[in-house]
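What follows is a single structure, written as structure tokens, with notes after it.
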Amino acid sequence: MTAAPLLSAAPARADVPSADITDVVDLNDLMTLAALPTSGLITVQVHTDGTVSLALPRAEVGQGITTSTAMLIAEEMDVPLDRVRVTLADARPELLFNQLTGGSNTTIATYTPVRVAAAVARERLLQAGAVALGATTAEVRIRAGTVHGPAGRSIGIGDLAERAAVLKPQQVTAELKASAEFTVIGTPRSRVDALEAVTGRKKFAMDLAVPGAAPTMVCRPPTINGKVESVANAAEVRAMPGVTDVVVIASGVAVRARTFGQCVDAVRALRVSWGPGTAKGKSDASVLAGLRVAEPSMGLPPLTPSVEGRFTFHFRSNSALETNCAIADVRPDRAEIWSSLKAPIVAKEAIAAKLGLPLSAVTVHVTEGGGSFGRKLFFDAALEAVEISKKIGKPVKLMWHRADDSRQGRTHPMATSRVRIAYAGGTVLSYKQRHTSVSTDLGHGFGEIVTAFAAKLPVADLAFSEVFFQLSQSMPYDFGANSRLLNETDKSFNTGSMRNVYSPDVTCARELVVDALASRMGKDPYRFRRDFLDDDRSRAVLDKVAEAGDWGRAMPDGTAQGIALHSEYRSASAVLVEIDCRAETVGRQVRDGVTGPRVTKVVLAVDAGLTVNPRGLDAQMMGCAMDGIALALTSSLHLRDGYFLEASWDNYFYTRQWNTPPELKIIIMPDTTGKPGGAGELGVAATMAAVACAYGRATGRMPTSFPINHETLAFEPKPTVPPIPQSPTDGRDHAH
């Protein structure tokens with residue numbers, strides 16, 4: 001049985017305009033608006049075995065949306081959670097803008113449509129059950145997946161599936177449960193895929209057994225986006241054990257073999273002459289110099305006192321734990337692709353155009369992904385797999401190496417941010433921020449949405465990236481005249497929408513200068529923030545972390561607390577951290593590692609509105625805290641002579657065990673809104689900013705370059721030729 005679709009929208013919200021555009025409309029609102037017209041195409045199916053399923057038009061990449069979606073269905077249909085199956089929908093062009101995963105939007109955009117579809121299915125089952133039990137609909141109800149009627153009679157929903165089915169769409173009404181009746185929504189639940197994940201049975205793209213699809217890898221250039229000029233030994237490599245094909249493609253030289261080990265050997269054996277890449281000769285210093293030249297003017301100095309800060313944020317990797325990968329089977333008249341994709345409609349359109357095939361001849365299957373960080377908004381692996389499969393006429397199972405992802409993958413762009421806050425006495429008069437960045441590639445689904453709706457937004461004729469920037473940034477403080485501007489430059493790098501996009505850098509810069517202003521005014525950093533907050537929810541999360549983290553307690557010299565706030569997408573978070581910057585901590589030795597200051601305590605309070613699965617939100621905020629610590633202290637890419645030095649997770653220092661806080665507390669605030677807010681990335685910016693502020697208080701000097709340990713190169717860079725490092729002889733000790 002398929003439930004009738006959603007046919008009506010919730011009433012529009014009447015926001016009161018203010019000086020901050022995100023008080024009126026933000027990026028998440030835009031995404032929800034774009035998804036609404038096709039939300040009626042989301043349907044729930046009931047099967048004869050008593051299970052219920054939904055093909056979710058979003059990408060599960062570890063954030064837990066299949067679990068929260070299953071909870072919505074279980075709630076509205078009164079079926080056990082373990083009988084709900086949520087899979088991922090293939091690319092569906094008819095959904096238009098309703099199949100894009102990002103911007104913390106999934107739960108917001110799908111919360112009502114999924115519930116409506118489930119409620120419609122429940123009503124059809126009750127009607128069919130009443131007929132089967134010889135009762136009226138008022139006399140029957142569903143409990144635990146069974147329709148119960150008078151005199152103790154009952155019938156399972158599986159037995160009603162065919163009777164309740166509708167042959168064509170019908171206009172119906174659906175009554176949703178009141179929140180007071182919830183027994184599933186809002187209760188902590190373990191992930192529906194937890195057992196499969198911990199037992200290794202969970203299927204990712206590279207686990208799929210697609211007939212004929214053989215392991216494939218690419219020999220990539222030594223510099224960013226270099227091009228193949230010639231291959232000296234293609235025939236020799238083609239004759240190596242297990243190798244079936246060697247072919248030049250746009251991004252390098254592809255090899256296909258029986259095993260990935262044989263692919264690695266073949267890639268390392270290739271002798272390729274390369275042309276220069278798009279970042280030829282560039283380094284951290286030269287890119288930073290270019291950014292400084294491109295920085296917009298802050299205007300004339302104010303006539304009143306002011307505090308200012310200028311900050312640098314280095315390149316960072318957004319490689320996921322699962323390396324970039326895709327399977328492709330391209331035939332003369334059709335193509336089939338399997339990959340973890342957050343913008344599958346755009347991917348399908350691009351693939352069809354590349355192959356010269358009609359959309360109907362291209363099938364794109366969305367697989368579950370092992371992480372994303374925004375990386376899977378791009379589908380370069382799928383495009384490469386398609387190109388290779390077409391050229392050799394065989395199915396391929398393409399996997400990038402870790403070194404490929406670090407050196408040729410997507411990066412969070414280097415940026416600078418300048419902040420000026422003018423004040424007089426105890427009053428803040430104005431806030432200015434000028435954020436200058438290497439261009440962020442937003443040419444995926446986000447771009448199409450913003451382009452389609454920009455004319456309807458109060459953003460005049462701002463450039464696309466500026467529109468995105470303005471709609472994704474908020475100002476939680478009442479700081480008088482508020483002005484934020486973005487300027488982007490230099491398109492020679494492969495960049496992307498890393499988790500939280502601009503917010504970690506922008507918020508970190510802002511919160512550091514807020515700390516400096518509080519100090520200048522002789523105010524406590526927490527109290528100062530609280531006095532200038534204009535939102536009760538933001539004030540509540542700030543108060544909560546100050547209370548739970550024992551703000552202001554006496555601490556040894558060289559250690560300190562830091563506190564910061566971030567709000568976005570109708571949600572708010574505050575973070576209190578404690579950091580140890582004492583010499584014995586900073587100077588501790590870890591083999592081939594970056595140690596430096598250590599965050600010893602994190603207290604994070606989050607108000608994301610109505611929380612479907614508190615356990616899932618708790619896990620997301622833990623991840624946000626680790627992201628924020630990494631961005632503040634250790635994780636960055638080092639650019640030298642047109643390439644990044646990092647070539648694996650071995651030498652890219654995301655938060656490691658030795659820098660993980662021994663004390664971590666996540667506090668989920670009670671819902672006061674009755675509807676979900678954005679949560680997927682919410683804690684990253686506040687954590688990064690709190691760590692930076694704590695570092696400044698512990699050392700007595702404001703940090704201005706991030707991550708703080710960027711200048712520490714704690715590894716010997718691996719060669720760029722061959723592009724894949726030699727596999728270790730002892731994987732337990734030096735696994736790449």
Side-chain angles (χ1 to χ4, degrees), residues 1-9 35-58 66 68-96 98-99 110-177 184-185 192 360 363 365-366:
M1 185 198 86
T2 300
L6 172 68
L7 293 173
S8 62
L36 189 59
T38 59
S39 291
L41 299 179
I42 295 177
T43 58
V44 168
Q45 291 186 314
V46 179
H47 305 279
T48 56
D49 63 356
T51 61
V52 179
S53 68
L54 177 139
L56 179 66
R58 297 294 189 276
T66 51
S68 57
T69 301
M71 290 174 66
L72 298 179
I73 296 169
E75 182 71 79
E76 288 296 339
M77 295 191 67
D78 288 300
V79 299
L81 185 60
D82 61 8
R83 284 167 58 180
V84 181
R85 311 283 185 264
V86 177
T87 58
L88 305 184
D90 290 348
R92 298 177 58 189
E94 71 274 14
L95 290 176
L96 301 177
N98 198 6
Q99 199 173 9
T110 64
Y111 177 72
T112 298
V114 169
R115 290 181 63 202
V116 167
V120 170
R122 180 191 66 216
E123 188 60 31
R124 291 290 304 173
L125 289 167
L126 287 172
Q127 292 170 4
V131 173
L133 298 175
T136 66
T137 54
E139 295 176 305
V140 296
R141 65 191 182 98
I142 299 178
R143 185 174 67 249
T146 300
V147 176
H148 296 267
R153 289 173 294 166
S154 63
I155 184 171
I157 61 172
D159 296 323
L160 295 170
E162 293 182 353
R163 304 186 215 189
V166 291
L167 299 179
K168 60 182 180 179
Q170 300 176 6
Q171 184 166 345
V172 297
T173 58
E175 184 176 346
L176 302 182
K177 278 189 180 181
V184 180
I185 294 174
V192 294
S360 59
T363 302
H365 304 288
V366 180

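All figures in this text were calculated on a predicted structure; none of them were measured in a lab.
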Which residues pass the side chain to side chain contact (heavy atoms under 4.5 Å, CB included) test with Thr38, not counting sequence neighbours? Leu41, Leu95, Leu96, Asn98
So how far is it from Leu176 CG to Tyr111 OH, rounded to the nearest 0.5 Å? 8.0 Å
Note: Ala144 and Arg83 closest approach over all heavy atoms is O-NH1, 3.5 Å
Quick check: do Val172 and Glu123 have side-chain heavy atoms less than 4.5 Å from each other? no
Please check: side-chain N/O of Arg153 versus main-chain N/O of Leu133, any donor-acceptor pairing under 3.5 Å? yes
For Leu160 and Gly129, the nearest pair of non-hydrogen atoms, with its separation, is CD1-CA, 3.7 Å
Give, for atom OG1 of Thr146 and atom CD1 of Ile157, the distance between the pair rounded to the nearest 0.5 Å. 7.5 Å
Could you pull out the closest heavy-atom pair between Ala119 and Glu175, with the gap in Å? CB-O, 4.1 Å
I'd like to know if the side chain of Arg85 and the backbone of Asp82 have a donor-acceptor N/O pair within less than 3.5 Å. yes
Reported CD1-to-CD1 distance for the pair Ile142 and Ile155, which is rounded to 0.5 angstrom: 11.5 Å
What are the two closest non-hydrogen atoms of Leu126 and Val140, and how far apart are they? O-CG2, 3.6 Å
To the nearest 0.5 angstrom, please state how far the CG atom of Asp159 sits from the OG1 atom of Thr48. 8.5 Å
Are the side chains of Glu76 and Val44 in touch, meaning some heavy atoms are under 4.5 Å apart? no
If every non-hydrogen atom of His47 is compared with every non-hydrogen atom of Ser53, which pair is closest and at what distance? NE2-OG, 2.6 Å
Do Lys177 and Val184 have side-chain heavy atoms sitting under 4.5 Å apart? no
Can Glu75 and Arg115 be counted as an ion pair, charged N to O under 4.0 angstrom? no
Closest non-hydrogen contact found for Ser154 with His148 is CB-ND1, 3.7 Å
Hey, is the main chain of Asp90 close enough, under 3.5 Å, to the side chain of Gln99 for a donor-acceptor pair? yes
For a 4.5 angstrom cut-off between non-hydrogen side-chain atoms, does Pro57 reach Ile42? yes
Would you mind telling me which of Val46, Asp78, Val120 makes a side-chain contact (heavy atoms from CB on, under 4.5 Å) with Leu125? Val46
Could you check whether any side-chain heavy atom of Thr66 comes within less than 4.5 Å of a side-chain heavy atom of Leu88, counting everything from C-beta outward? yes
Got Met77 and Val52 here, is their nearest side-chain heavy-atom distance under 4.5 Å? yes
